[in-house]
2 protein chains.
Amino acid sequence: MPETDPLSATFAALADPTRRMILARLADGEATVKELAEPFDMSMQAISKHLKVLERGGLIARSKQAQRRPCQLEPLALKQADDWLEGYRRHWEERFDRLSDYLRKVQDRESDDGSKR
Amino acid sequence: MPETDPLSATFAALADPTRRMILARLADGEATVKELAEPFDMSMQAISKHLKVLERGGLIARSKQAQRRPCQLEPLALKQADDWLEGYRRHWEERFDRLSDYLRKVQDRESDDGSKR
DNA sequence: GCTGTTGTCAACCGAATGGTTGAGCAAATC
DNA sequence: GATTTGCTCAACCATTCGGTTGACAACAGC
């Protein structure tokens, strides 16, 4: 995925359960590649690639201490994904409202049935 | 991408500018494949494929009227993506708070400098 | 019953993804 | 200085992606 726009790179990085688990781990604080690879049945090289995808998506930042290359969460990209979703919030809230209306009506009708019985 | 988990399918569907533009169009209301393809310099087959990806991501629903196959936004998947992001909200809010603190400190220091001048 | 419109399916293509193994680098340790 | 540890790079592989073209199905209108 060469020269993609930032938002696409972010969403693409999020579209993988392994990478989302890595992010979950990083939410608890900095970690090295070794530590991140630990829980997975996968080579460290594979994890290294996942980290590169996360980095391109702006989701993590990497530092350098000795031969270790610790990663930390970079929340700005997450916020930008959230900002994009924000533009659609009213859609699911409206849908939720309609659902509530419907449930209320159904309940009213059931109450009527009950009174007739 | 076979038998992916729903959240991954949703994020993957969002990771393409064409598909996000399609969603933006659908936010204004139902549209046919032809109408959706209109603004793009791309075959209708390509759009049809994008729609299939969006459908697999749970982002759109399709009905059937005559030979037309209109699409509409399905906001639940967007909400679920948002719910996932919700778990990280505190991270970017904390970061924002730290930035505010920093800016406040810088401003204080500049005020000191000013008083010394 | 033709003809045009709308849309999908199938096959193909080049590029990207997600994994592997093997080699190698750089810093810490013996 | 030799070895181990932590990590990346390069090459390879199968699969998926994003687009194309061509054929065709289903319905509408003449």
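Model, not experiment: these values are computed from the prediction. Here is how names work: the chains are called A, B, and so on, in the same order as the sequence lines, proteins then strands, and each is numbered from 1.
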Checking A:Thr10 side chain against A:Pro6 main chain: does a donor-acceptor pair fall under 3.5 Å? yes
Measure [atom1]/[X] against [atom2]/[N] and give the value in whole Å, please.
{"X": "B:Lys49", "N": "C:dG7", "atom1": "NZ", "atom2": "P", "answer": "18 Å"}
{"X": "B:Arg62", "N": "D:dA26", "atom1": "CZ", "atom2": "P", "answer": "17 Å"}
{"X": "B:Asp16", "N": "C:dA16", "atom1": "CG", "atom2": "P", "answer": "14 Å"}
{"X": "B:Arg19", "N": "D:dG19", "atom1": "CZ", "atom2": "P", "answer": "8 Å"}
{"X": "A:Glu55", "N": "D:dC7", "atom1": "CD", "atom2": "P", "answer": "14 Å"}
{"X": "B:His50", "N": "D:dC17", "atom1": "NE2", "atom2": "C1'", "answer": "9 Å"}
{"X": "B:Lys64", "N": "D:dA26", "atom1": "NZ", "atom2": "P", "answer": "9 Å"}

A:Ser48 side chain N/O closer than 4.0 Å to the phosphate oxygens (OP1, OP2) of D:dC7? no
Tell me whether the OP1 or OP2 atom of D:dC9 has a side-chain N or O from A:Arg69 closer than 4.0 Å. no
Take A:Ile60 and A:Leu23 through the side chain to side chain contact (heavy atoms under 4.5 Å, CB included) test and state the conclusion after the steps. CA-CA 8 Å; A:Ile60 64 171; A:Leu23 289 180; 3.9 Å; yes
For A:Lys52, answer base if it contacts any base atom (sugar-phosphate contacts may also be present), sugar-phosphate if it contacts only those atoms, and nothing otherwise; contact means non-hydrogen atoms under 4.0 Å. sugar-phosphate
Taking side chain to side chain donor-acceptor pair (under 3.5 Å) as the cut-off, I'd like each qualifying pair that reaches into residues 60-70 of chain B, sequence neighbours left out, listed once. none
Taking side chain to side chain contact (heavy atoms under 4.5 Å, CB included) as the definition, give me every residue that meets it alongside [X], ordered by chain and number, with sequence neighbours left out.
{"X": "B:Ala24", "result": "A:Tyr88"}
{"X": "A:Arg19", "result": "A:Ala13, A:Asp16, A:His50, A:Val53, A:Leu54"}
{"X": "A:Glu38", "result": "none"}
{"X": "B:Ala31", "result": "B:Arg25, B:Leu26, B:Glu35, B:Leu36"}

Under the salt bridge (Lys or Arg N to Asp or Glu O under 4.0 Å) test, residues paired with A:Arg90 that sit two or more places apart: A:Glu94
Which residues pass the salt bridge (Lys or Arg N to Asp or Glu O under 4.0 Å) test with B:Arg20, sequence neighbours left out? A:Asp5
Point-to-point distance, once rounded to the nearest 0.5 Å, from CG of A:Leu51 to OG1 of A:Thr32: 10.0 Å
Specify the residues of residues 26-47 of chain A, ordered by number, for which at least one heavy atom lies under 4.0 angstrom from an atom of DNA chain C. A:Met42, A:Ser43, A:Gln45, A:Ala46
Roughly what angle, to 10°, lies between the helix axis at the start of the helix from C:dG1-D:dC30 to C:dC30-D:dG1 and the one at its end, five pairs per end? 10°
Return all side-chain donor-acceptor pairs below 3.5 angstrom for residues 76-86 of chain A, not counting sequence neighbours, or 'none' if the list is empty.
residue, atom, partner, partner atom, Å
A:Lys79, NZ, A:Asp83, OD1, 3.2
A:Lys79, NZ, A:Asp83, OD2, 3.3
A:Asp82, OD1, B:Arg89, NH2, 3.1
A:Asp82, OD2, B:Arg89, NH2, 2.6
A:Glu86, OE1, A:Arg89, NH1, 2.1
A:Glu86, OE2, A:Arg89, NH1, 2.9

Protein N or O to nucleotides 28-30 of chain C N or O, pairs below 3.5 Å:
none

